[in-house]
Amino acid sequence: MLDLKFIRENSEKVKEAIKNKREKLDLDVILNLDEQRRKILLEAESLRQKRNEFSKIIAQMKKEGKNTDKEIAQMKTVSDRITVLDQNLRDVEQQLEQWLLRVPNVPHPSVPVGEDESANKLVKEWGEIKKLDFKPLPHWELGRILGILDLERASKISGSGFIVFTGKGALLERSLINFMLDLHTQKHGYKEIFPPYLVNRDSMTGTGQLPKLEEDMYLLKNDDYFLIPTAEVPLTNLHRDEILKAEGLPIYYTAYTACFRREAGAYGKETKGMIRVHQFDKVELVKIVEPQNSYDELEKLLQNAEEVLQLLGLPYRVRLLCTGDLSFAAAKCYDIEVWAPGVEKYLEVSSNSNFEDFQARRIGIKYKPTPNSKPELVHTLNGSGVALPRTVIGILENYQTAKGTVVIPEVLRPYMHGISELT
RNA sequence: GGAGAGGUGGCCGAGCGGCUGAAGGCAGCUGCCUGCUAAGCAGUUGUGGGGGAAACUCCACCCCGGGUUCGAAUCCCGGCCUCUCCGCCA
């Protein structure tokens with residue numbers, strides 16, 4: 001959420017951002033409501049002031065045994081007017097709130113303006129794409145041959161877009177989770193969290209999934225709980241409505257969770273294999289930092305995520321998203337994409353974003369730069385470090401051999417009871 | 001799921017319907033004093049919003065939302081959360 005004052009004073013800039021992010025929103029409605037609000041507020045507050053003054057007078061008169069009928073009758077009409085104004089104010093503020101939640105964050109100046117994916121800027125390519133002397137198989141073939149992936153039974157017990165890992169496949173999944181968590185906690189200084197997978201509506205609104213993306217979320221209607229689409233939601237909301245101490249910043253959190261996405265409207269796209277699924281595992285990174293550091297922190301966050309792929313020896317590229325591809329709440333975002341030779345595609349495994357104070361304002365995370373200063377909003381960031389099924393795809397397809405076996409990357413072997421190859 | 005207790009400022013804790021943004025204590029900050037430390041004395045310390053160039057000023061907030069009243073932290077209704085006991089359960 002943007003600051004109403006900021007919107008008032010920078011309306012052209014915000015309109016530009018709405019356009020570049022391809023959102024549809026009439027900002028004038030908000031500016032109008034804002035004006036109404038302040039007008040009502042002015043009248044209501046001056047009436048309140050009057051009422052407070054008379055309240056004291058009435059109390060004093062009663063003490064002195066004077067008749068207060070006239071004053072009370074007068075205040076009755078004042079109170080009635082206040083009631084009406086309050087009702088109006090409530091209506092206006094409710095509308096305003098609903099509109100404000102739909103205003104996207106303003107992209108950082110370094111973000112390229114563009115319509116869609118094609119305008120994203122390539123910033124890095126890492127690793128070598130190996131030349132194979134055989135035709136690489138897609139992961140679903142490898143998974144079937146090796147007996148580690150059972151997509152048929154997954155769709156029997158749940159439906160399409162679900163995965164069953166079996167045997168060493170399950171072990172590989174678990175090993176990757178542990179490897180990543182160890183890397184981030186031991187080497188990069190993140191604190192490990194194990195949060196709930198079900199969160200309430202406030203949390204989903206706080207990080208910006210709601211109201212815009214409600215259709216993409218799994219909702220438990222009986223209890224109004226949402227299944228988290230990413231650990232970003234519980235992690236960033238941990239400090240909702242808190243004022244943090246400056247010396248406690250930056251905060252680095254990492255968590256493994258399952259993630260749940262309906263992928264509504266995505267049917268027909270990447271339905272084969274496990275490129276796009278409704279439930280997947282992910283290790284997430286979240287940072288809460290002082291505003292002046294947030295762009296340095298973004299670069300470091302990106303490096304932390306990249307290191308996962310470097311250690312796994314998977315070729316990848318990094319792209320800076322253009323305005324049209326940038327998510328609603330983000331000011332700047334780098335995607336990391338792993339090369340998958342079996343499907344001959346780059347697959348997005350990590351998205352690293354700086355939200356500046358956009359989420360912090362929604363959920364009320366502030367800090368005091370010095371013990372005596374006024375609270376200021378923090379900046380929040382998050383990145384995937386990294387998402388699993390596609391990383392597994394990367395491993396299977398990149399490390400496959402002509403015999404149809406898959407070599408296990410060195411760093412994972414200690415986690416896999418020393419297994420060096422899936423046969 | 002059943003029965004009970006409770007939710008007040010950074011923390012502890014008081015609060016007859018008006019004089020309470022809220023006693024008192026602790027912690028923090030600022031002065032004074034003291035050869036360090038500790039103690040002592042005085043002052044000060046919440047958040048959000050409106051108006052103002054500013055000094056400043058006004059309004060709201062005692063879990064949340066309604067209501068009663070001229071006036072509510074204080075009364076009434078609904079909700080959420082915490083704790084204790086019983087039941088059920090991986």
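Residue numbering restarts at 1 for every chain, and letters A, B, ... go by the order of the sequence lines.
Residue A/P375 is the one, among A/P375 and A/R8, whose nearest nucleotide of RNA chain B lies closer to the 5' end (criterion: closest heavy atom). When each of A/S46 and A/A73 is assigned the nucleotide of RNA chain B bearing its nearest heavy atom, the one mapping closer to the 5' terminus is A/S46.
A/H278 and A/Y218 have perpendicular rings, their planes meeting at more than 60° on a 0 to 90° scale where under 30° would count as parallel. Using the six-membered ring where Trp is involved, A/H188 and A/Y190 have ring planes that are perpendicular, over 60° apart on the 30 and 60° scheme.
Of the side-chain N and O atoms in A/K374, none sit less than 4.0 angstrom from OP1 or OP2 of B/U47. Dashed line: the shortest gap from a side-chain N or O of A/K368 to OP1 or OP2 of B/U47 is under 4.0 Å. For the OP1/OP2 pair of B/G10 and a distance below 4.0 Å, the side-chain nitrogens and oxygens of A/K245 include no atom meeting the criterion. Between A/N52 and B/G71 there is no side-chain polar atom (N or O) within less than 4.0 angstrom of OP1 or OP2. Contact check, A/K50 against B/C70: no side-chain N or O comes under 4.0 Å of OP1 or OP2. The side chain of A/R38 contributes an N or O atom lying less than 4.0 Å from OP1 or OP2 of B/G51.
When distances run from any side-chain atom of A/R48 to the nucleotides B/G48, B/C59, B/G18, the shortest one goes to B/C59.
Relative to the six-membered ring of A/Y252, A/K287 meets both conditions, a distance below 6.0 Å and an angle of at most 45° to the axis.
Residue-level contact check: A/K56 touches neither bases nor backbone, having no heavy atom under 4.0 Å from any strand. Among the protein residues, A/I58 comes within range of the nucleic acid bases, having at least one heavy atom under 4.0 Å from a base atom.
For the pair A/R201 and A/E214, the minimum side-chain heavy-atom distance is below 4.5 Å.
Applying a 4.0 Å cut-off to non-hydrogen atoms, none of the residues of residues 193-200 of chain A approaches RNA chain B. Listed by residue number, A/S79, A/R90 are the residues of residues 78-93 of chain A with a heavy-atom contact under 4.0 Å to RNA chain B.
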